[in-house]
Colleague: 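Have a look at this one before I ask anything.
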Amino acid sequence: IVVCIVVILIVFALEMRNPGFNVKFDSNGGSDVPAQSHMHGQLLDEPEVPSRQGYTFIGWFKDPNCDIPWDMETDVVESDMELYAGWQKNE
């Protein structure tokens, strides 16, 4: 029982020291989007949609080439990371 209590106290102390992971948003030429801080396993809060003259925002991506989309409904924070805005040029 004592070992379990010690383990619980250690885990609790570590959680209190960890302010969470930073999630940055690179708008790729669009308006600034504030960073967020989340704990491991949490969903992101829906960030504000950036704007960019002459382009339509198509979503957030995990990679700078905008090949791997971030799914706001299922993807969770696992570490510090940066998401990239995808854009489609208006015709």
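Quantities reported herein were computed from a predicted structural model and do not represent experimental measurements.
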Colleague: Taking side chain as C-beta onward, heavy atoms only, is Leu44 less than 4.5 Å from Gln36?
Modeller: yes

Colleague: If you take all heavy atoms of Ala85 and Cys66, which pair is closest and at what distance?
Modeller: O-SG, 3.5 Å

Colleague: Mark yes or no for whether Asp71, through its side chain, and Glu73, through its backbone, hold a donor-acceptor pair below 3.5 Å.
Modeller: yes

Colleague: Taking Asp75 first and then Lys62, would you say they form a salt bridge - that is, a charged N and a carboxylate O separated by under 4.0 Å?
Modeller: yes

Colleague: Is there a continuous path of hydrophobic side-chain contacts, each under 4.5 Å between heavy atoms, that joins Leu43 to Met39?
Modeller: no

Colleague: Can you list everything that forms a side-chain contact (heavy atoms from CB on, under 4.5 Å) with Ser31? Sequence neighbours excluded, please.
Modeller: Pro50, Ser51

Colleague: Between Gln88 (side chain) and Ile58 (backbone), is there a donor-acceptor pair under 3.5 Å?
Modeller: no

Colleague: Tell me if the CG atom of Asp32 is crowded by more than 12 foreign heavy atoms within 6.0 Å.
Modeller: no

Colleague: Looking at Asp80 and Asn22, what are the two nearest heavy atoms and their distance?
Modeller: OD1-N, 2.7 Å

Colleague: Once ring-ring contact (aromatic ring centres under 6.0 Å, His included) is applied, what residue pairs with a partner in residues 39-61 remain, sequence neighbours excluded?
Modeller: Phe25-Trp60, Phe57-Trp60, Phe57-Trp87

Colleague: Would you give the length of the straight line joining atom OG1 of Thr56 to atom CD of Glu91, rounded to the nearest 0.5 angstrom?
Modeller: 10.0 Å

Colleague: Is there a path from Met72 to Val49 through hydrophobic residues (I, L, V, M, F, W, Y) whose side chains come within less than 4.5 Å of each other?
Modeller: yes

Colleague: Among the clusters formed by ILVMFWY side chains lying less than 4.5 Å apart, do Val33 and Tyr84 turn up in the same one?
Modeller: no

Colleague: Would the distance check show the side chain of Arg52 and the main-chain N or O of Asn28 forming a donor-acceptor pair, the cut-off being under 3.5 Å?
Modeller: yes

